[in-house]
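Heavy atoms only: backbone and side chains are in, while hydrogens, waters and symmetry mates are out.
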Amino acid sequence: MPTTPVTLAHSSPSGLGPVSAEEPIMLELVDEDGVTIGTAEKLAAHQAPGQLHRAFSVFLFDEAGRLLLQRRALGKYHSPGVWSNTCCGHPYPGEAPFAAAARRTYEELGVSPSLLAEAGTVRYNHPDPASGLVEQEFNHLFVGLVQATPLPDPEEIGETAFVTADELAERHAAVPFSAWFMTVLDAARPAIKELTGQSGGW
């Protein structure tokens with residue numbers, strides 16, 4: 001599995017500075033092979049039946065092999081208050097998924113991965129019954145390590161937790177998780193096992 005040091009540029013993909021919160025957030029629409037075919041506004045892309053768009057999911061582990069989870073803030077319009085993987089989101093149009101994953105991890109959690117590596121892609125269609133929104137995503141997966149203490153943005157994250165594989169199974173059975181969580185976790189498992197070792201239980 002390739003390993004790449006993470007570099008962050010906290011700016012828009014054009015390099016013209018931070019993206020304004022007042023500007024509509026645009027996503028990159030793709031075909032079934034992940035080839036870019038256009039753009040759409042974020043909310044519009046998630047309204048039923050959903051438009052297939054590029055996304056990413058990050059799984060970061062500490063040195064003990066525990067996965068960093070986040071509980072999505074209650075104020076989020078999509079899947080509020082549920083647990084999910086370390087970080088997920090959407091590249092800006094034209095932004096590399098790796099760069100977007102590193103950028104968004106820092107924005108949400110206040111930490112930069114000490115290691116981040118590609119872990120494949122997965123395509124899925126997950127409706128969210130609570131909101132009526134649909135996740136039609138071509139998702140780029142990343143796994144890595146985190147050594148710093150997370151400092152989550154409260155507008156994005158309600159709380160965080162590091163869990164072992166057994167603790168995750170217990171938590172998943174007891175509390176709500178995002179609709180896409182198990183899909184992206186299962187798709188990333190080969191890379192996770194390579195990162196954490198067979199003894200990690202992942």
Side-chain angles (χ1 to χ4, degrees), residues 42-43 46-48 50 55-90 101 104-111 113-117 119-202:
K42 182 178 180 180
L43 182 58
H46 287 88
Q47 290 173 335
F56 64 83
S57 289
V58 178
F59 296 84
L60 296 183
F61 296 81
D62 66 9
E63 293 177 342
R66 299 180 303 168
L67 172 62
L68 176 57
L69 297 177
Q70 65 155 281
R71 186 173 64 82
R72 294 166 63 85
L74 293 174
K76 294 183 76 70
Y77 75 88
H78 192 340
S79 302
V82 301
W83 287 90
S84 199
N85 49 292
T86 309
C87 180
C88 54
H90 310 92
R104 196 64 188 145
T105 298
Y106 183 84
E107 290 173 353
E108 289 193 6
L109 290 152
V111 295
S114 57
L115 172 74
L116 194 64
T121 60
V122 62
R123 190 262 196 255
Y124 52 78
N125 174 7
H126 285 304
D128 175 31
S131 67
L133 300 175
V134 179
E135 289 287 8
Q136 285 266 20
E137 294 190 330
F138 188 95
N139 198 301
H140 297 255
L141 307 171
F142 299 91
V143 302
L145 299 174
V146 61
Q147 295 174 306
T149 301
L151 299 169
D153 177 354
E155 293 189 2
E156 297 290 342
I157 298 175
E159 60 183 303
T160 60
F162 282 96
V163 297
T164 65
D166 288 342
E167 289 168 344
L168 173 61
E170 294 174 3
R171 187 180 293 252
H172 191 263
V175 298
F177 272 70
S178 64
W180 62 86
F181 176 74
M182 287 306 302
T183 299
V184 293
L185 175 63
D186 286 343
R189 280 189 194 275
I192 290 172
K193 290 178 180 178
E194 188 172 344
L195 177 72
T196 61
Q198 293 297 325
S199 62
W202 295 101

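- Screening residues 184-193 for salt bridge (charged side-chain N to carboxylate O under 4.0 Å, His left out) gives D186-R189 as the qualifying pairs, with residues at least two apart or on separate chains.
- Sorted by first and then second residue, the salt bridge (charged side-chain N to carboxylate O under 4.0 Å, His left out) pairs involving residues 143-153 (not counting sequence neighbours) form an empty list.
- For the side chain to side chain contact (heavy atoms under 4.5 Å, CB included) test, residues two or more places apart in sequence or in another chain that qualify with E159 are R71, W83.
- With sequence neighbours excluded, no residue satisfies side-chain hydrogen bond (donor to acceptor under 3.5 Å, both in side chains) with S79.
- To the nearest 0.5 Å, the span separating SG on C87 from CD1 on I157 amounts to 7.0 Å.
- Distance check: F59 CZ to C88 SG gives 8.5 Å after rounding to the nearest 0.5 Å.
- For H140, the ring-ring contact (aromatic ring centres under 6.0 Å, His included) partners at least two apart in sequence or on another chain are F138.
- Between H90 and H46, the ring planes are perpendicular. Angles over 60° get that label, and only those under 30° would be called parallel.
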Give the table of side-chain donor-acceptor pairs shorter than 3.5 Å for residues 167-176, with sequence neighbours excluded, one pair per line with atom names and distance.
unit_1 : atom_1 : unit_2 : atom_2 : d
E167   : OE1    : T164   : N      : 2.9
E167   : OE1    : T164   : OG1    : 3.4

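- When every heavy atom of P127 is checked against every heavy atom of N125, the shortest pair comes out as CD-O, 3.7 Å.
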Step-by-step side-chain contact (heavy atoms from CB on, under 4.5 Å) determination, F181 to L69: CA-CA 10 Å; F181 176 74; L69 297 177; 4.1 Å; yes
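- For the atom pair CZ (F61) and CG (L115), the distance works out to 11.5 Å, reported to the nearest 0.5 Å.
- Under the side-chain hydrogen bond (donor to acceptor under 3.5 Å, both in side chains) criterion, R66 pairs with D62, not counting sequence neighbours.
- For K42, the side-chain hydrogen bond (donor to acceptor under 3.5 Å, both in side chains) test picks out no residue, with sequence neighbours left out.
- Nearest approach of A165 to W202, heavy atoms of both residues: N-CZ2, 3.4 Å.
- A148 and V111 get closest at one heavy-atom pair: CB-CG1, 3.8 Å.
- Residues satisfying the side chain to side chain contact (heavy atoms under 4.5 Å, CB included) test with L43, not counting sequence neighbours, are E41, Q47, Y77, L133.
- Taking CG of L60 as the start and CD1 of I192 as the end, the distance is 10.0 Å to the nearest 0.5 Å.
- Screening residues 121-141 for salt bridge (charged side-chain N to carboxylate O under 4.0 Å, His left out) gives E32-R123 as the qualifying pairs, with residues at least two apart or on separate chains.
- Contact detail for G81 and L74: the closest heavy-atom pair is CA-CD2, 3.7 Å.
- The heavy-atom pair separating R72 from S84 by the smallest distance is CD-CB, 4.5 Å.
- When all heavy atoms of T160 and P152 are compared, the pair lying nearest together is CG2-CG, 4.2 Å.
- Residues that satisfy the side chain to side chain contact (heavy atoms under 4.5 Å, CB included) test with A187, not counting sequence neighbours, are V122, L141.
- Between atom OG1 of residue T86 and atom CZ of residue F162 there is a gap of 8.0 Å, rounded to the nearest 0.5 Å.
- Rounded to the nearest 0.5 Å, atoms CH2 (W180) and CG (N139) are 10.0 Å apart.
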Full working for side-chain contact (heavy atoms from CB on, under 4.5 Å) between L145 and L195: CA-CA 9 Å; L145 299 174; L195 177 72; 4.2 Å; yes
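- The side-chain hydrogen bond (donor to acceptor under 3.5 Å, both in side chains) check on E108 picks up Q70, R104, with sequence neighbours excluded.
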